[in-house]
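These values consider heavy atoms only, across backbone and side chains, with no hydrogens, waters or symmetry-generated copies. Per chain, numbering begins at 1; letters A, B, ... match sequence-line order. All values reported here derive from a predicted model rather than from experimental measurement.
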Amino acid sequence: MGFNTELAGLLDEMAAMLELLGANRFRVNAHQKAARVIKDHPTDLSTLAEDEKALTAIDGIGKGMAEKIREFASDECLAEHDELLSKVPAGLLRLLRVPGLGPKKIKLLWEELGVESVEDLRRVLDDGSAAELKGMGAKTVENIKDSLEFASKADRRLPIGMARPIAEAMLERVRGVKGVTRAEYAGSLRRGKESIGDIDILAVAKDEKAAQALGETFRGGDGVVKVLAAGDTKSSVRVELAAFGVSSNRWVLDDSDQTVQVDLRIVPAESWGAAMMYFTGSKEHNVKLRERALARGLTLNEYGLFPEDDEDTPPQQRGVKPVAGKSEAEVYARLELAELPPTVREDRGELGLGEDGELRLIRVEDIRADLHTHTTESDGRMSLEESAAIAKERGFHTLAITDHSKSSAVANGLSVERLRKQIETIHEADKQTTGISLLAGSEVDILVDGSLDYDDDVLAELDVVVASPHVGLKAKPAQATKRLLKAIEHPLVHIIGHPTGRLVERRPGLEPAMDELIAAAVEHDVALEINAHWMRLDLRDTHVRAAVEAGCKIAIDCDVHHAEDYDNLIYGVLTGQRGWLTPDLCVNAWPKKKLHDWLSSKR
DNA sequence: GCCGTTTTCGGCCCGACTGTTTTCAGTCG
């Protein structure tokens with residue numbers, strides 16, 4: 001595990017333990033925020049450990065956290081973390097993940113009944129002693145029991161490619177209710193995050209009757225296995241994936257009985273923009289916006305942006321007229337900000353975006369080429385002609401066929417002889433085809449020692465070389481860095497495919513020193529890939545952000561095997577946007593000549 | 001523990017729902 005990830009994990013645990021010990025909640029927040037910022041930071045912070053100034057310049061890192069970074073870099077542990085561990089039983093941290101159980105109740109159960117683990121919890125729930133505690137009752141006990149049952153299935157976040165079809169299906173139901181005038185999904189799904197904890201849907205109903213019908217339809221729909229909340233304006237349900245025909249396609253996951261929470265909020269039409277912002281988040285982005293509002297004598301909530309006064313009752317309940325709220329654009333404008341796309345709302349410094357001119361992030365319609373696709377020659381399911389027809393239909397000017405190289409035996413990798421024959425076939429097909437250029441390429445394995453799977457004379461015959469790691473994905477960070485650097489420095493390589501080999505929520509993959517790889521890629525004019533398949537999304541958003549800041553070229557490719565894989569482009573583009581990627585750095589968005597000139601410059 | 005276009009001290013976002021309560025605490029997002 002990398003330094004940042006490991007330290008962030010410790011700080012998160014410290015926050016949890018502090019919470020259980022009843023520490024000041026702002027101190028808890030500070031630890032959580034530092035953990036998030038450190039986890040997302042593109043540079044390995046151990047390299048800055050002695051530079052207190054550079055560390056405290058990072059938002060959320062003060063003197064104390066800078067000292068912790070230094071301590072962890074030199075001692076590989078945190079004394080304060082160890083000290084907290086001696087005070088809090090480790091099993092309690094697991095209990096924090098049970099929905100409906102928070103630090104206060106856990107603390108109560110621990111202090112009054114000696115609960116230190118899930119097993120202890122089950123016991124006191126069953127023998128009735130938990131129900132005797134102050135603030136607990138029969139209903140609370142029932143809810144915690146239910147949560148325990150669901151916890152194991154609900155624990156895992158859903159890859160975006162599985163969550164989106166469910167959200168679309170739920171939206172269709174919601175929009176089908178008479179009197180519903182508007183409905184969209186919000187939350188992390190709208191922000192295009194790689195994985196989703198729950199699905200948030202917002203709707204406008206034209207009157208109370210419609211709102212009531214909407215709630216009933218939502219809670220009673222197919223696939224709903226539990227109703228968690230049923231208020232006038234808010235309903236929460238848990239649905240099972242199986243009911244929506246969602247599966248993980250070519251990756252076999254044990255997701256047959258998995259469920260996901262779906263929340264519905266019914267909001268007034270005049271609050272639509274404020275509500276969308278509120279429920280799209282991120283939470284941290286919203287906090288920044290509210291602070292900004294307060295500094296301007298305004299207060300922001302999900303009903304709108306209101307003049308700040310000292311009353312306790314929320315302004316919308318006193319008939320106060322909002323100064324903005326109908327649309328997101330209106331609220332951002334009133335806060336003197338450019339309207340920010342949902343994908344950048346992560347409290348990663350985005351409030352300054354678009355200040356100096358137009359904010360123009362990559363879009364799906366910018367993409368005019370796919371440079372990483374497979375055919376039936378290796379492990380794809382389409383012929384060259386079938387794939388070319390789809391690419392042409394999508395308006396692409398270039399399609400590169402990059403089947404697997406010889407070491408990928410399970411993927412039917414091509415021998416040198418087969419590859420040479422395929423190059424001829426593709427070049428011939430290119431001559432016969434109008435409207436799209438077909439390029440002969442290969443997805444060449446980066447072997448464990450960093451060398452490539454074909455000799456240089458073979459590679460030189462290819463129009464496009466995508467070099468990707470497929471095996472040895474558990475290597476130590478230092479070794480991974482060395483291996484990938486060697487591939488980047490190879491003069492015949494254009495693109496590094498799925499650089500870490502991670503799978504979302506399934507496999508961590510390699511953890512190379514990304515800043516070194518990015519610097520090398522810039523120096524050797526190599527593009528790093530965002531593999532758009534939703535199980536990969538590799539590079540991930542934070543890597544893209546670091547690459548973009550360094551001026552590194554990025555390729556967004558679908559790694560097409562099946563016809564429907566072309567539809568994964570949206571996920572790659574969303575990930576690009578989350579890394580603030582602009583069209584000028586994305587090779588797939590370039591005009592044909594510019595792209596082909598770049599490719600041939602390496603020949 | 002962090003932070004500063006009133007501040008280096010004294011703040012730190014806001015509301016819905018639930019369950020156990022006679023006015024609110026806990027949890028969630």
Asker: If you look at every strand shown and take non-hydrogen atoms under 4.0 Å, does A/Asn286 touch a base, only sugar-phosphate, or nothing?
Answerer: nothing
Asker: What does A/Tyr303 touch in the nucleic acid at a heavy-atom separation under 4.0 angstrom: a base, only the sugar-phosphate, or nothing?
Answerer: sugar-phosphate
Asker: Between A/Gln261 (side chain) and A/Asp198 (backbone), is there a donor-acceptor pair under 3.5 Å?
Answerer: no
Asker: Using a cut-off of 4.0 Å between protein heavy atoms and nucleotide atoms, how would you tag nucleotides 5-11 of chain B 5' to 3' with B, S and -?
Answerer: -------
Asker: Have a look at A/Arg265 and say if it touches a base, only the backbone sugar-phosphate, or nothing, with a 4.0 Å heavy-atom cut-off.
Answerer: sugar-phosphate
Asker: Are OP1 or OP2 of B/dC17 and a side-chain N or O of A/Ser236 less than 4.0 angstrom apart?
Answerer: no
Asker: How does protein reach along nucleotides 18-27 of chain B, written 5' to 3' as B (base within reach of a heavy atom under 4.0 Å), S (only sugar-phosphate), or - (no contact)?
Answerer: SSS-----SS
Asker: In terms of side-chain geometry, is the basic nitrogen of A/Asp12 or A/Lys39 positioned less than 4.0 Å from the acidic oxygen of its partner?
Answerer: no
Asker: Any idea which of B/dC2, B/dC12, B/dC17 is nearest the A/Glu291 side chain?
Answerer: B/dC12
Asker: Using whole Å, what does the distance between atom C1' of nucleotide B/dA16 and atom CG of A/Asp200 come to?
Answerer: 13 Å
Asker: At 4.0 Å (heavy atoms only), tell me whether A/Leu289 reaches a base, stays on the sugar-phosphate, or touches nothing.
Answerer: nothing
Asker: Find the distance A/Arg296:CZ to B/dG4:C1' and express it as a whole number of Å.
Answerer: 15 Å
